[in-house]
Student: 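Handing you this structure, nothing more for now.
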Amino acid sequence: MTKLLEGKTAVITGGAQGIGRATAEMLHEHGARLVIADLNGEQAQQTAEEIAGSEGIGVACDVTQADQVDAALDAAIEKFGSLDVMINNAGITRDATMRTMTEEAFDQVIAVHLKGAWNGTRLASLRMREQKSGAIINISSISGKVGMVGQTNYSSAKAGIVGLTKAAAKEMGHHGVRVNAVQPGLIRTAMTEAMPKRIFDEKLAEIPMQRAAEPSEVASVVLFYASDLSSYMTGTVAEVSGGRFM
Ligand code: NDP
């Protein structure tokens with residue numbers, strides 16, 4: 001098998017579980033060394049150890065805090081010598097209709113997704129421009145494309161991530177740094193397992209491919225963006241949604 005990321009180092013926020021973990025697994029299969037940066041430092045360490053042994057480390061990192069993101073990126077360079085791939089994946093939901101959504105629930109979701117992705121994009125690009133190469137992948141959501149009931153906070157943040165991705169791509173193109181976004185649809189993770197069955201079934205009915213995706217089906221698109229297979233792509237958004245809301 002040709003390894004697409006041999007000798008590269010990838011930082012994955014929120015990588016201890018779900019889509020982030022599946023992405024870490026796939027990137028490591030393709031030769032990448034891993035830094036898993038997650039709110040839960042112990043789980044991040046355990047995940048890194050399970051996936052990559054000595055070629056991975058886990059660090060506690062709250063993406064809303066720029067100094068903690070900075071420290072995770074420093075750790076990548078100290079341990080492995082470079083920062084080649086940055087995946088801004090950490091996420092939460094605090095769903096409620098506007099009638100009941102608290103201001104705190106709005107602010108929290110914007111902070112983790114939009115500010116978190118901005119922290120990661122900005123701080124990774126500062127390092128990548130020095131080495132004149134790098135790939136940044138921001139995990140948006142189909143919710144940011146179409147807007148979803150009960151998600152005025154999440155849809156706003158995920159749409160904002162698309163704007164961030166395109167603006168950063170324009171700033172970084174001539175530095176050799178590519179910035180792209182992925183919009184997953186319905187993926188089987190803890191985030192969707194928390195959903196009532198009725199809601200899950202309603203969503204399934206909207207999907208032309210008539211099934212939810214496995215996290216690995218998002219990971220493979222992230223791998224594409226992280227690797228030279230997408231060497232002439234920047235500022236783009238890939239929908240991984242089984243055709244939902246095309
Ligand atoms: P999970 O809840 O399974 O994983 C999210 C991870 O992010 C957790 O490990 C969580 O840590 C971590 N995290 C939460 N807040 C922070 C923070 N402030 N700093 C660092 N890490 C944090 O979610 P998914 O794998 O389902 O989602 C991953 C991404 O994909 C998210 O951005 C999500 O919005 C997006 N997405 C998911 C879809 C789906 O159907 N699952 C659909 C579309 C997009 P802890 O558990 O310790 O809180």
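Order of appearance sets the numbers: ligands from 1, and atoms from 1 within every ligand.
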Student: With distance as the sole test, does Asn89 use its side chain to make a donor-acceptor pair with the main-chain N or O of Ile139 at under 3.5 Å?
Tutor: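 No, because the side chain of Asn89 does not come within donor-acceptor range (under 3.5 Å) of the backbone of Ile139.
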
Student: At the 4.0 Å heavy-atom cut-off, does Ser140 count as touching ligand 1?
Tutor: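 Yes; Ser140 lies near enough to ligand 1 that a heavy-atom distance drops under 4.0 Å.
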
Student: Ion pair present between Arg33 and Asp84, side-chain N to carboxylate O less than 4.0 angstrom?
Tutor: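 No, Arg33 and Asp84 are not salt-bridged.
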
Student: Can you tell me which portion of Leu39 lies within the under-4.0 Å heavy-atom range of ligand 1? Options are side chain, backbone, both, or neither.
Tutor: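 For Leu39, backbone and side-chain atoms both sit under 4.0 Å from ligand 1.
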
Student: Given side chains that start at C-beta, do those of Trp118 and Lys115 come closer than 4.5 Å, heavy atoms only?
Tutor: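 Yes; the side chains approach each other to less than 4.5 Å.
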
Student: Quick one: which ligand 1 atoms are inside 4.0 Å of a heavy atom on Gly18?
Tutor: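 Taking each heavy atom of Gly18 in turn, ligand 1 has 3 (O), 25 (O) under 4.0 Å.
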
Student: Report yes if the side chains of Leu5 and Leu223 come closer than 4.5 Å at any heavy-atom pair, otherwise no.
Tutor: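 Side-chain contact under 4.5 Å: yes.
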
Student: Just which atoms of ligand 1 are under 4.0 Å from any heavy atom in Ile92?
Tutor: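 It comes down to these atoms of ligand 1: 14 (C), 15 (N).
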
Student: Could you tell me whether the side chain of Met86 reaches within less than 4.5 Å of the side chain of Met128, counting heavy atoms only?
Tutor: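 In contact.
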
Student: Between Thr47 (side chain only) and Ala16 (backbone N and O only), is there a donor and an acceptor less than 3.5 Å apart?
Tutor: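 Yes, the answer is positive, given that a donor and an acceptor are paired below the 3.5 Å cut-off.
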
Student: Give the residue, atom name and distance (to 0.1 Å) of the protein heavy atom nearest atom 23 (O) of ligand 1.
Tutor: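 Scanning the protein heavy atoms, the shortest distance from atom 23 (O) of ligand 1 goes to Met191 CE, 3.7 Å.
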
Student: If you measure every N or O of Gly185 against every N or O of ligand 1, does any of those distances drop under 3.5 Å?
Tutor: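 Yes, since at least one N or O of Gly185 sits under 3.5 Å from an N or O of ligand 1.
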
Student: Could you check if a side-chain atom of Ile12 sits within less than 4.5 angstrom of a side-chain atom of Arg21, using non-hydrogen atoms only?
Tutor: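 Sidechains of Arg21 and Ile12: no contact.
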
Student: Taking both backbone and side-chain atoms of Lys158, is any N or O found less than 3.5 Å from an N or O belonging to ligand 1?
Tutor: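 Yes; the residue has a nitrogen or oxygen that sits under 3.5 Å from a nitrogen or oxygen of the ligand.
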
Student: Just to confirm my output: which protein heavy-atom neighbour is closest to atom 19 (N) of ligand 1, and how far is it?
Tutor: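 The answer is Val63 N, 3.0 Å.
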
Student: In terms of residue, atom name and distance, what is the protein heavy atom nearest to atom 5 (C) of ligand 1?
Tutor: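 Answer, as residue, atom name and distance: Gly91 O, 3.8 Å.
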
Student: For Thr93 and Asp95, run side-chain hydrogen bond (donor to acceptor under 3.5 Å, both in side chains): C-alpha distance rounded to whole Å, both residues' side-chain angles, the deciding distance at 0.1 Å, then the answer.
Tutor: CA-CA 6 Å; Thr93 48; Asp95 292 1; 4.5 Å; no

Student: Just go through Ala212, Gly20, Pro184 and tell me whose heavy atom is the nearest to atom 43 (C) of ligand 1.
Tutor: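 Of the listed residues, Pro184 has the closest heavy atom.
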
Student: Is there a polar contact between ligand 1 and Gln17, counting only N or O atoms under 3.5 Å apart?
Tutor: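 Between Gln17 and ligand 1 (N or O atoms, distance only) the closest approach is under 3.5 Å.
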
Student: With a 4.5 Å heavy-atom cut-off, do Ser230 and Arg178 have their side chains touching?
Tutor: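 Yes, their side chains come closer than 4.5 Å.
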
Student: Can you tell which of Ile139, Asn119, Ile187, Val240 gets a heavy atom nearest to atom 30 (O) of ligand 1?
Tutor: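 Checking each option, the heavy atom nearest atom 30 (O) of ligand 1 is found in Ile139.
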
Student: N/O of Asn89 under 3.5 Å from N/O of ligand 1, yes or no?
Tutor: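 N/O-N/O distance under 3.5 Å: yes.
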
Student: Which atoms of ligand 1 have any heavy atom of Thr192 under 4.0 Å away?
Tutor: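 Checking each atom against Thr192, I get 39 (C), 40 (O), 41 (N).
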
Student: Could you find the nearest protein heavy atom to atom 6 (C) of ligand 1 and give me its residue, atom name and distance?
Tutor: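 Atom 6 (C) of ligand 1 sits closest to the protein heavy atom Gly14 O, 3.5 Å.
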
Student: Donor-acceptor pair, Asn119 side chain versus Val63 backbone, under 3.5 Å?
Tutor: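 Here the side-chain-to-backbone pair exists.
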
Student: Could you tell me the residue and atom name of the protein heavy atom closest to atom 18 (N) of ligand 1, and the distance to it rounded to 0.1 Å?
Tutor: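 In this structure, atom 18 (N) of ligand 1 has Asp62 OD1, 2.9 Å as its nearest protein heavy atom.
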
Student: Can you check whether Asp38 has an N/O within less than 3.5 Å of an N/O in ligand 1?
Tutor: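 So ligand 1 has an N or O lying under 3.5 Å from an N or O of Asp38.
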
Student: Could you tell me whether ligand 1 has any atom less than 4.0 Å away from a heavy atom of His113?
Tutor: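 True for this residue.
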
Student: For atom 41 (N) of ligand 1, find the nearest protein heavy atom and state the residue, atom name and distance (0.1 Å precision).
Tutor: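 Nearest neighbour among protein heavy atoms for atom 41 (N) of ligand 1, to 0.1 Å: Thr189 OG1, 3.0 Å.
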
Student: Report yes or no: do Gln46 and Glu50 form a side-chain donor-acceptor pair below 3.5 Å?
Tutor: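 Side chains of Gln46 and Glu50: pair found under 3.5 Å.
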
Student: Checking side chain to side chain contact (heavy atoms under 4.5 Å, CB included) against Ser140, which of Ile161, Asn88, Thr165, Leu164 comes through?
Tutor: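 Of Ile161, Asn88, Thr165, Leu164, side chain to side chain contact (heavy atoms under 4.5 Å, CB included) with Ser140 is met by Ile161 alone.
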
Student: Where is the nearest protein heavy atom to atom 36 (N) of ligand 1: which residue, which atom, and how far?
Tutor: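 For atom 36 (N) of ligand 1, the nearest protein heavy atom comes out as Tyr154 OH, 3.5 Å.
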
Student: Could you tell me whether the side chain of Gln17 reaches within less than 4.5 Å of the side chain of Thr189, counting heavy atoms only?
Tutor: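 With C-beta onward as the side chain, the pair stays apart.
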
Student: Taking the side chain as every heavy atom from C-beta outward, state whether Asn153 and Gln108 have any pair of such atoms under 4.5 Å apart.
Tutor: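 No - every pair of side-chain heavy atoms lies 4.5 Å or more apart.
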
Student: For ligand 1, which atoms, with element, lie under 4.0 Å from some heavy atom of Asn40?
Tutor: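 Those atoms are 47 (O).
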
Student: Should the proximity of Arg21 to ligand 1, defined as any heavy atom under 4.0 Å, be assigned to the side chain, the backbone, both, or neither?
Tutor: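 Within the 4.0 Å criterion, Arg21 makes no contact with ligand 1.
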
Student: Say whether Cys61 and ligand 1 are in contact under the criterion: heavy-atom distance to a ligand atom below 4.0 Å.
Tutor: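 Right, Cys61 reaches ligand 1.
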
Student: Could you say whether the N/O atoms of Ile142 and ligand 1 ever approach to under 3.5 Å?
Tutor: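 No, Ile142 has no N/O under 3.5 Å of an N/O on ligand 1.
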
Student: Is it the side chain (CB and beyond), the backbone, both or neither of Gln183 that lies under 4.0 Å from ligand 1, heavy atoms counted?
Tutor: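 Looking at Gln183 and ligand 1, no heavy atom falls under 4.0 Å.
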
Student: How far is atom 25 (O) of ligand 1 from the closest protein heavy atom, and which atom is that?
Tutor: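 Checked against all protein heavy atoms, atom 25 (O) of ligand 1 sits closest to Ile19 N, 2.8 Å.
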
Student: What part of Ser143, side chain from CB on, backbone N/CA/C/O, both or neither, has a heavy atom under 4.0 Å from ligand 1?
Tutor: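 Answer for Ser143: neither.
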
Student: Can you check whether Ala181's main-chain N or O pairs, donor with acceptor, with Asn138's side chain at less than 3.5 Å?
Tutor: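 Side chain of Asn138 to backbone of Ala181, a donor-acceptor pair under 3.5 Å: no, none is there.
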
Student: So, Arg94 and Asp107, do they make that salt bridge, N to O below 4.0 Å?
Tutor: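 Salt bridge between Arg94 and Asp107, a charged N being under 4.0 Å from a carboxylate O: no.
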
Student: Could you tell me whether Pro215 approaches ligand 1 through its side chain, its backbone, both or neither, with non-hydrogen atoms closer than 4.0 Å?
Tutor: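 Within the 4.0 Å criterion, Pro215 makes no contact with ligand 1.
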
